[in-house]
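What follows is a short report on a single structure.
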Protein chains: 2
Amino acid sequence: MPGIECCNGVTMAEADAQSRARQLLSAAAGRVTPARLAVLEILLDSATALSHHEIEDAIERRGLDVDRVTLYRVLEWLVERDLAHRIAAEDRVWRFNAADRAHAGEHAHFHCTQCGQIVCLDGPDSAATFALPEGYQPERAEITIHGRCPRCAG
Amino acid sequence: MPGIECCNGVTMAEADAQSRARQLLSAAAGRVTPARLAVLEILLDSATALSHHEIEDAIERRGLDVDRVTLYRVLEWLVERDLAHRIAAEDRVWRFNAADRAHAGEHAHFHCTQCGQIVCLDGPDSAATFALPEGYQPERAEITIHGRCPRCAG
DNA sequence: ACCATCAATGCAATCGAGTTGCATCTTTTA
DNA sequence: TAAAAGATGCAACTCGATTGCATTGATGGT
Ligand SMILES: [Mn+2]
Ligand SMILES: [Mn+2]
Ligand SMILES: [Zn+2]
Ligand SMILES: [Zn+2]
């Protein structure tokens, strides 16, 4: 739990996320509900992509109670409005990130094979040019680097 | 269904696959069973990566009957022995390829967003060097190009 | 402030890919 | 050909995710 304590056990990072979440939700056409606020705040506050379960736990830790189906629908809603983005991992579990942490367009991901964490990498970097066979029309590249995160490599 | 007809409605490609499958299975330590033969033949005969369901259908088309659990276990067995390799797609369904079609080591995949087919791409190509943040230790890159296959782009 | 509207929620049931336990059958080896 | 190891079939199960439907609640207009 990083960040300097602010008040009521809420860190400054969380306070930032709170106001930003409210602002982002107001901007998007749709209702501002406790569930949407909490989920977006949690995503904004996290450096790593979070699974449905991890978000559920974070919600509980805030003393809130959101039905798991509602959580699925909130996440779907956020993704549709580009407030979050969804990552398919090899364990067949979706993970979510606040979209602003993920740089606007394409970006790669890093997956730690030890702790399982997934983080967004800045920029598409050396935009690999792939020699595709004749006739294949590329639209986007999905790139995941597997390895060890700083914490696990240390 | 590509390939020149050979006999009994079996194409030459399938005949090739049959002998190659038998040969590969004998080489690997383990029993040569009808299920393993059929599955490996089907994988060898396919240009695209096949889902569990697609393999099941192909087995039925051959007049064979293999339990779905057995199919899962056969696929697992083939992957463990590097006779096949497994691809995680965004629809959370595993797809399989005969390993010899996939070049030995790392290789990228192409996913057609229209027909859903997944094919292995030759070589890792311009092995993109990613500018990872400090401390991240890359081990392998997983690359999928999304776009239109020749058939769907035409 | 109040209400009416309709989007959002909760709950139970359901789906679908994949897994596990165990009894039975087959391949292989001696 | 028989024993032993290994593979298969079946039923039950796990788990992430989805659907249907009745109820609740956020919001805009009064
Ligand atoms: Mn991302
Ligand atoms: Mn491949
Ligand atoms: Zn790690
Ligand atoms: Zn296609």
Side-chain angles (χ1 to χ4, degrees), chain A residues 21-42 49-60 62-81 83-96 116 118, chain B residues 21-42 49-60 62-81 83-96 116 118:
Chain A
R22 201 171 284 276
Q23 172 189 335
L24 288 167
L25 284 183
S26 309
R31 295 180 183 175
V32 179
T33 66
R36 287 179 182 170
L37 267 172
V39 173
L40 187 50
E41 282 168 22
I42 287 162
L50 300 178
S51 68
H52 184 276
H53 275 310
E54 289 169 325
I55 298 168
E56 230 176 348
D57 291 348
I59 289 172
E60 270 176 32
R62 298 187 174 213
L64 282 170
D65 188 30
V66 175
D67 187 82
R68 45 185 220 104
V69 177
T70 301
L71 177 50
Y72 278 116
R73 293 197 269 231
V74 164
L75 289 167
E76 184 183 26
W77 187 90
L78 291 172
V79 169
E80 277 168 3
R81 274 143 191 91
L83 292 172
H85 86 118
R86 206 177 59 157
I87 308 164
E90 295 204 358
D91 59 2
R92 315 190 332 121
V93 171
W94 294 117
R95 283 179 177 74
F96 299 85
I118 295 175
Chain B
R22 202 171 283 277
Q23 173 188 334
L24 288 168
L25 284 183
S26 309
R31 296 183 182 174
V32 180
T33 66
R36 289 179 181 169
L37 266 172
V39 173
L40 187 50
E41 282 169 22
I42 287 161
L50 301 178
S51 68
H52 184 276
H53 275 312
E54 289 170 325
I55 297 168
E56 230 176 348
D57 291 349
I59 289 173
E60 270 175 33
R62 298 187 173 210
L64 284 170
D65 189 29
V66 175
D67 187 79
R68 44 181 224 105
V69 176
T70 301
L71 177 49
Y72 278 116
R73 292 198 268 230
V74 164
L75 289 167
E76 184 183 23
W77 188 90
L78 291 173
V79 169
E80 277 168 2
R81 276 144 190 89
L83 292 172
H85 85 119
R86 205 177 60 156
I87 307 164
E90 294 205 357
D91 60 1
R92 314 189 330 122
V93 171
W94 295 115
R95 284 181 176 72
F96 299 84
I118 294 176

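Residue numbers start from 1 in every chain, and the chains themselves are labelled A, B, ... in the order their sequence lines are given, proteins ahead of strands.
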Trace of the side-chain contact (heavy atoms from CB on, under 4.5 Å) decision for A/Leu71 with A/His52: CA-CA 8 Å; A/Leu71 177 50; A/His52 184 276; 3.5 Å; yes

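Rounded to whole Å, the distance from CZ on A/Arg86 to P on D/dG16 is 16 Å. Between the CD1 atom of B/Ile59 and the C1' atom of D/dG9 there is a distance of 14 Å, given to the nearest Å. Note: CG (B/Leu71) to C1' (D/dC10) measures 15 Å, nearest angstrom. In this entry the distance linking CH2 of A/Trp77 with C1' of C/dA8 reads 11 Å, nearest Å. Atoms CG (A/Leu64) and C1' (C/dG10) sit 15 Å apart, rounded to a whole Å. Following rounding to the nearest Å, A/Arg36 (CZ) and C/dA8 (C1') show an atom-to-atom distance of 6 Å. Whole-Å rounding puts the B/Glu80 CD to C/dT19 C1' distance at 14 Å. Look at CG on B/Leu75: it is 14 Å from C1' on D/dA7, rounded to the nearest Å.
At a threshold of 4.0 angstrom between heavy atoms, the contacts of A/Asp91 with the nucleic acid are absent.
In terms of heavy-atom proximity, A/Ala28 sits nearest to A/Trp77 at CB-CH2, 4.3 Å. Pairing each heavy atom of B/Ala49 with each of B/Glu54, the nearest pair is O-OE1, 3.8 Å.
A/Leu40 CG to A/Leu78 CG: the interatomic distance, rounded to the nearest 0.5 Å, is 5.5 Å. Note that CZ of B/Arg81 and CD of B/Glu76 are 9.5 Å apart. Values are rounded to the nearest 0.5 Å. Once rounded to the nearest 0.5 Å, the distance linking CD1 of A/Ile42 with CG of A/Leu64 reads 8.0 Å. In this structure, OG on B/Ser51 lies 11.0 Å from CD1 on B/Ile87, to the nearest 0.5 angstrom. Note that CG of A/Leu75 is 13.0 Å distant from CZ of A/Arg95, once rounded to the nearest 0.5 Å.
When distances are taken from the side chain of B/Arg68 to each of C/dT19, D/dT18, D/dT8, the shortest belongs to C/dT19. Side-chain proximity of A/Val66 to the nucleotides D/dC10, C/dT9, C/dG10 is greatest for C/dG10.
With contacts defined as side-chain heavy-atom distances shorter than 4.5 Å, the pair B/Tyr72/B/Arg68 qualifies.
Under 4.0 angstrom from either OP1 or OP2 of D/dG16 there lies no side-chain N or O belonging to A/Trp94. Contact annotation: A/Arg92 does not reach the phosphate of D/dC15 (side-chain N/O to OP1 or OP2, under 4.0 Å). OP1 or OP2 of D/dG16 sits under 4.0 Å from a side-chain N or O of A/His53. Taking 4.0 angstrom as the limit, B/Tyr72 places a side-chain polar atom (N or O) nearer than this to OP1 or OP2 of C/dG18.
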Nucleotide-resolved protein contact map, nucleotides 25-30 of chain D, B/S/- at heavy-atom distance under 4.0 Å: BBS---

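Other residues, nucleotides and ligands contribute more than 12 heavy atoms inside 6.0 Å of the CG atom of B/Asp57.
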Distances under 3.5 Å only, N/O to N/O: pair up the protein atoms with those of nucleotides 21-25 of chain C.
| unit_1 | atom_1 | unit_2 | atom_2 | d |
| --- | --- | --- | --- | --- |
| C/dG21 | O6 | B/Arg73 | NH1 | 3.4 |
| C/dG21 | O6 | B/Arg73 | NH2 | 3.4 |

